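The structure under discussion appears below in the form of structure tokens.
All of these numbers come straight from a predicted model, not from anything done at the bench. A, B, ... follow the sequence lines: proteins, then strands. Residue 1 opens every chain.
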Amino acid sequence: MDSKSNAAIRTEPVAEPPLQPTVGQSAARESKPVLPTMQKQANNESRLPARVWMKTTGVRYLVRTMALIVAVVLWQLASTKGFHFYINFENIPAPSVVGAALMSELTGQEFYLHILHSLERVAIAYVLAVVVGVVLGVAMGRSRWAEDIILPYIELLRPIPAVAWIPLAILMLPTEQSSIIFITFLGALFPVILNTVHGVEQTNSVLIRAARSLGASRTAILWHVILPGAMPSIVAGLAIGMGVAWFSLLAGEIISGQYGIGYYTWNSYTLIQYPQIIIGMLTIGGLGTLCTLLVRHSCSPLLKWQAKGGRS
Amino acid sequence: MSDTPVSNNRLAVLDHSRLRAISGKADDERGRISVRDVDIVFDTVSGPHVAVQNANLTIRPGEFVCLLGPSGCGKSTLMNAIAGFVAPKTGDVQVDGNTVTEPGPDRGMVFQQHSLFPWKTVQENVAFGPLMAGVGNDEANSIARTFLSLVGLAAFANAYPNTLSGGMQQRVGIARALANYPSVLLMDEPFGALDAQTRIMMQENLLDIWSEFHNTVVFVTHDIDEAVFLSDRIVVMSASPGQIIADIDVKLPRPREQSLLTSADFMALKRQCLDLIRKETLNAFEQQNRAG
């Protein structure tokens, strides 16, 4: 899992704060008189008219939905026709079969219990990872000592896949629940730490000097300059961390005795219930995506200053 | 933005009693700077680099002084020593009798560009200093609004800096520095990144605002026109090592307007500065050639 998370960290664009307005924009503003009405104009410029928005965004979502539907149709065909050319679909249940199995799962209580247990574990592990990750990340970004002490651990532990932690987690932690949460926590922790360090180290030194000359204390500089400046990078780390948390969860829930969507998937495999395996996989994918969207959405007020023409 | 009228009723909005209360001194007694025998040395890979050598300078309260010199002459470094960002190796810098050891709100700083907090609105940027000084939220905001109307940007209080032009951002920077009622305003090539037209408007704007406060201003520039137009006194520095080589009084009448730029007195001062700088630049070239 960690090779994937590494790649994600590298490819995820870390948004830079757009400090400078574009040349055209600035020239246009410079020549206009500063009147309150300008604010209104600027506001209108920054938003597309509703009709254009519907057209572009609406069409794009339609394309995305179609792309998924095409895959489902191909899968249905491959399964029902018994496609077997290197890749073998003969034993893969068709979407119609999976759909029927899903319907029967949705009518029972069990399936929801699996989801609830997983959500609980992810929530606890993720909150811990965010708190520990941001604190360590800020410490490392601000202090050479902290970085030199903590970084070797991160470099050494980060490439270890979540599954490999299972024996130690069972040996070291008192309960099955805490072992699973620990494994999930580790997965989410590294992207959060590394992106926080990156964001903090990118702090513009002129802004720190400005704050000092305005009488800000070290604590005030941390709250008013360093953390907001690192926020775009931290939010990227939080989103990546949420994704990694979900696929670490699956590894952790292998040791679960009863509940959890990872356990459900794993158990279906041992029981050779193919439709249930696919239901489990897709549920993890869907929940992971939803949670990542939730993180991005709830963090967006912290980044509204990045939007061109953004007004509070 | 250039034709914005600066608020006419600002005499009414500015609270001068507050200014005096903060300093505990009358206006004409705050902002005395004395730089004595200052050497500033940086450690570099290739050994110590003397950025400023044997600088001696006394600036009277309410004086507008430009530090003029070619790039790399240490004028910004000298200003940073007054600001408290760099420590002199020998000698000391005092402001109002106190030795400078760290930056402080009594010395407001305006940087070249991009020094506003991009995640704070224009008003929050200006209110930041008063908030740090411990005044309440409401008062900090009202001080911020006062200073924003002073620089003609009251209508942009809720805008984020990245939506403003370079000139507007610098005016917010000036408002932010002034909102702490500093006894000294330190300006490090504040208009260097602006186009020529905007720069002239900003210079006039600055003089207009300064006529209100009459605090001490130290203004770093390499632009001779700018130095002559703005200042009471031009301190010319030479490059490597940075030394003060001339101290020129500018006795042009105030208020100063654009027409001054073509007057004979202005030209004479400009020539004097040009000759000094040219000699220095040639010296620097020769030194570089010898070294190369």
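- To the nearest 0.5 Å, atoms CZ (B:Arg176) and OG (A:Ser213) are separated by 7.0 Å.
- At a 4.5 Å heavy-atom cutoff, B:Asp106 makes no contact with chain A through either its backbone or its side chain.
- Between A:Trp305 and B:Thr163 there is no side-chain heavy-atom pair separated by less than 4.5 Å.
- Nearest heavy-atom pair across A:Leu207 and B:Leu116 is CD2-O, 3.3 Å.
- Atom OG of B:Ser115 sits about 13.0 Å away from atom CD1 of A:Ile208, to the nearest 0.5 Å.
- Taking the side chain as every heavy atom from C-beta outward, A:Lys304 and B:Tyr160 approach each other to under 4.5 Å.
- Expressed to the nearest 0.5 Å, how far CD1 of A:Ile221 lies from CE of B:Met132 amounts to 9.0 Å.
- Side chains of A:Asn204 and B:Pro118 form no contact here, defined as non-hydrogen atoms less than 4.5 Å apart.
- Within 6.0 Å of CZ on A:Arg144 lie no more than 12 heavy atoms contributed by other residues, nucleotides or ligands.
- Within 6.0 Å of the CG atom in B:Asp138, the count of heavy atoms belonging to other residues, nucleotides or ligands does not exceed 12.
- The distance between the ring centers of A:His224 and B:Phe128 falls below 6.0 angstrom.
- For the pair A:Arg209 and B:Phe85, the cation-pi criterion (under 6.0 Å, within 45° of the ring axis) is fulfilled.
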